[in-house]
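Numbering starts at 1 and runs along the sequence shown.
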Amino acid sequence: MRVVIVGGVAGGMSAATRLRRLRDDIDIVVIERSGYVSYANCGLPYYVGGVIADEDDLVLQTPERLHERFRLDVRVATEVLSIDRDRHEVTVRDLHTNAESAIGYDKLILSPGAAPVLPPIPGIELALPLRTVEDVTRLREAVLAPDQHAVIIGGGFIGLELAENLRHRGLRVTVVEAAPQVLGPLDPELATLVADELDRHGVTVLLGATVEAIGEDHVQVNGQSIAADVVIAAIGVRPESGLARAANLVLGPRGGIEVDAANRTSDPDIYAVGDVAQQTDALDGSATLVPLANLANRQGRTVADHICGRAVREVPAIGTAIVKIFDVTVAVTGWNEKRLRAAGRHFAALHAHPGSHAGYYPGAQTMALKLLFDPVSGEIFGAQAVGGDGVDKRIDVLATAIRGGLTAPELADLELAYAPPFGSAKDPVNMLGYMAENTISGLCSPVQWSDVASLQAEHFRVLDVRSRSEFAQGSILGALNIPLDELRERTSEIPREPLIVTCAVGQRGHTATLLLQDHGFDVVNLDGGYQTWSHSPAGLAAVAQQSK
Ligand code: FAD
């Protein structure tokens, strides 16, 4: 049997090596268009910044080593031009000699990845994309002097990783983002924390800004010309499904190749994995695209297993991702609030600002943590975190909980490793579980930052139970300040109107809410407290208004 694989990086190489481990008698041919195989595409931004100093460190394998160990026939600088499904062969071109030839296959695995989106902006050909080792070499060559100005189009994961790395090289950096926030997978009240971090490190971020044209030494953004020595396109990716389309394989609405549970396409002898394959969303079963390395590697293995007659199982995609932006870690899993709203889903949101570990042990860092879940069934829809230490651990636990089908209150039951340098006896994930249980059981009904203005318009009064000094540093307009510890003695001062209680992060507010409910007040707690509100679009707008 001969298996031909298109694309020799994450999904393709995972399939190739698994196949070889399972069977030594298969003829395995890997065709890779770039000059490198099995390279660390996720490491490319760090090579731009010099954090990864040696280009060789990006190249995890060579065709020679892969042949030596796995007897793989790896052909780099070779492009698959077309698929002839009837004849079971692909036409390839050697990019050095331009010679074309046909290679027959019994099974074909497509893992050509995703191509950078390059919108039809005049001069877009001057913008450098970042996908391959060749791209990163071009980018390194373009980034010559620290006094240069780089403009990055796109404030997503790769754009921001590049912003950090170019600052590391000393360049001035501007990120141009069409959306009103950076990092689309985050909800806006968490994305502002990332924008603050970029600002702190000298990155200019233009939000709601569109690049209209790119010239040799400038870009035009919202009608203004900005000088630019280097322009980078990091606008997103689209599945590289041209070969599949030309071969009449069935594609989904967003251009990904439709596959079954074994990653088989509409042709049973052709498989598709990784960024090019359409995924099934774990939450609603819809067709989705999740261009991340974990899925590509897992699916490469799945396909090898299936070809070798082993049982495989369908694993829908949750979408779990993490990124480092200077000193901040951002991680997400599942759906965000924007997507839940757009889909018309009924959901509850909870915000917490716990420490990475016990506060009394040195070095604890605060993180912003958000959980989204079904307020009736408790099904976990998604989570987001922005902070330092421990963000990765919490999001990974929450992703595991989603995969395992735990409900939000059941997060309280997780027995997580604890000692003061690592966590808290009530881990942040357990805390989310307690909070969710309080919400679902009706013990309290938190309101969100986005509800404050409309509730105030309905004559809710804001009662801030932080200390006087905390209150003096900033508060919600019209708030009455009575510190929590004085509340019992001063209930007579509290107006008998509906109340929104707030504190710094929602914890003292929760205690105050239950106390006041017990005293007959009509009261709701502001979820995530002043900290969440003040970083939200509503809070930022209110603060800007006050300072005018
Ligand atoms: P790829 O790994 O992209 O491999 C596809 C290969 O196919 C390419 O080398 C391409 O040259 C080749 N090819 C395409 N068409 C043809 C053809 N016709 N003939 C021959 N060869 C062809 N994901 C994460 O989870 N975490 C990260 O931190 C992360 N960081 C990233 C940073 C960067 C700069 C980039 C570009 C991606 C990053 N990703 C990250 C995404 C991750 O790399 C991809 O999801 C993953 O590599 C997809 O695997 P794949 O096999 O589908 O495609």
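- Taking H168 as the reference, nothing meets the ring pair (Phe, Tyr, Trp, His ring centres under 6.0 Å) condition, with sequence neighbours excluded.
- Judged by distance alone, with hydrogens and angles left aside, the side-chain atoms of N222 form a donor-acceptor pair with the main-chain N or O of T210 at under 3.5 Å.
- Within a 6.0 Å radius of CD in E125, more than 12 heavy atoms belonging to other residues, nucleotides or ligands are found.
- D427 and R394 are joined by a salt bridge, as a carboxylate oxygen and a charged side-chain nitrogen come within less than 4.0 angstrom of each other.
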Quiz item: Would R200 and D327 satisfy salt bridge (charged side-chain N to carboxylate O under 4.0 Å, His left out), going step by step from the backbone distance to the final call?
Solution: CA-CA 10 Å; R200 211 164 66 82; D327 300 329; 3.3 Å; yes
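- In R69, the CZ atom is not crowded: 12 or fewer heavy atoms of neighbouring residues, nucleotides or ligands sit closer than 6.0 Å.
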Quiz item: Could you walk me through whether K370 and E337 pass the salt bridge (charged side-chain N to carboxylate O under 4.0 Å, His left out) check?
Solution: CA-CA 10 Å; K370 178 173 183 178; E337 181 171 334; 2.7 Å; yes
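- A salt bridge is defined here as a Lys NZ or Arg NE, NH1 or NH2 lying under 4.0 Å from an Asp or Glu carboxylate O, and D135 with R131 fails to meet this definition.
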Quiz item: Can K324 and E164 be said to form a salt bridge (charged side-chain N to carboxylate O under 4.0 Å, His left out), step by step?
Solution: CA-CA 9 Å; K324 168 182 164 333; E164 172 183 338; 2.5 Å; yes
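- H67 places no side-chain N or O within 3.5 Å of a backbone atom of E64 that could act as its donor or acceptor partner.
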Quiz prompt | Criterion salt bridge (charged side-chain N to carboxylate O under 4.0 Å, His left out) on R20 and D25, from CA distance to verdict | solution = CA-CA 8 Å; R20 175 58 74 231; D25 62 336; 6.0 Å; no
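- In this structure, the side chain of R264 does not engage the main chain of A261 through any donor-acceptor pair within 3.5 Å.
- Scored by the side chain to side chain contact (heavy atoms under 4.5 Å, CB included) test, P239 finds S241, V276, L289 as partners (sequence neighbours excluded).
- Proximity of the aromatic rings of H357 and Y418 is defined here by a centroid distance below 6.0 angstrom, and this criterion is not met.
- A salt bridge is absent between E79 and R93: the closest approach of a Lys/Arg side-chain nitrogen to an acidic carboxylate oxygen does not fall below 4.0 angstrom.
- Looking at E240 and R33, a side-chain N of the basic residue comes within less than 4.0 Å of a carboxylate O on the acidic one, giving a salt bridge.
- With respect to D106 and R2, no salt bridge is recorded, no charged nitrogen being found less than 4.0 Å from a carboxylate O.
- For H201, the ring pair (Phe, Tyr, Trp, His ring centres under 6.0 Å) criterion is met by F326, not counting sequence neighbours.
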